[in-house]
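To start, the structure itself, in structure tokens.
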Amino acid sequence: MATEETQKDYLGAYKVINLGSRENMPQIAHNLFYALRECDELNVDLIYAEGFEFRGIGTGIMNRLLKACGGKITLGL
């Protein structure tokens with residue numbers, strides 16, 4: 001899962017899901033649920049997602065991502 005600003009950096013990935021622009025955090029929050037559902041439907045084993053600041057709506061986005069991954073995170077990829 002990537003933002004509009006960085007999605008081109010993931011060329012060659014199996015699937016890149018565009019969450020929206022970092023300039024529109026409410027859009028990212030809205031699209032996150034659908035992106036996670038799409039990953040379920042694709043039956044993927046591993047999901048890479050960009051992180052967001054723990055500030056404002058970013059806190060909610062990161063909370064949802066942390067719940068979805070069961071706390072298994074890798075930093076700096």
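None of these values were measured; they are calculated from a predicted model.
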Measure the [atom1]-[atom2] distance between [X] and [Y] for me, rounded to the nearest 0.5 Å.
X     : Y     : atom1 : atom2 : result
Tyr48 : Ile17 : OH    : CD1   : 14.5 Å
Leu32 : Arg37 : CG    : CZ    : 13.0 Å
Phe54 : Met62 : CZ    : CE    : 4.0 Å
Leu66 : Lys72 : CG    : NZ    : 13.0 Å
Thr6  : Asn18 : OG1   : CG    : 8.5 Å
Ile61 : His30 : CD1   : NE2   : 12.0 Å

message: Run the side-chain contact (heavy atoms from CB on, under 4.5 Å) test on Ile47 and Cys69 for me, step by step, so that the C-alpha distance in whole Å, both residues' side-chain angles and the decisive distance to 0.1 Å come before the verdict.
response: CA-CA 9 Å; Ile47 300 169; Cys69 74; over 6 Å; no
Point to revise | Single hit among Glu5, Glu50, Glu53 for salt bridge (charged side-chain N to carboxylate O under 4.0 Å, His left out) with Arg22 | key: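 Looking at Glu5, Glu50, Glu53, the match for Arg22 under the salt bridge (charged side-chain N to carboxylate O under 4.0 Å, His left out) is Glu50.
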Does the pair Glu4 and Glu23 meet the rule for a side-chain contact (heavy atoms from CB on, under 4.5 Å), with working shown? CA-CA 10 Å; Glu4 285 178 9; Glu23 299 296 319; over 6 Å; no
Through direct or indirect side-chain contacts below 4.5 angstrom among Ile, Leu, Val, Met, Phe, Trp and Tyr, which residues connect to Tyr34?
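Listed partners: Phe33.
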Linking I/L/V/M/F/W/Y whenever their side-chain heavy atoms sit closer than 4.5 Å, directly or via other members, would Leu11 and Tyr14 fall into one cluster? no
Tested for side chain to side chain contact (heavy atoms under 4.5 Å, CB included) against Met1, the lone hit among Val16, Leu65, Ile28 is Leu65
Exercise. Check for a donor-acceptor pair, side chain of Thr59 on one end and backbone N or O of Arg55 on the other, with a separation under 3.5 Å.
Key: yes
key: Note, Gln7 side chain near Leu19 side chain (heavy atom, < 4.5 Å)   = no
I'd like to know if the side chain of Gln27 pairs up with that of Ser21 as donor and acceptor (distance under 3.5 Å, no hydrogens or angles considered).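 Distance-only check fails for Gln27 and Ser21.
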* **For Ile57 against Pro26, the heavy-atom pair lying closest together** =>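 Minimum heavy-atom separation between Ile57 and Pro26: CD1-CA, 3.8 Å.
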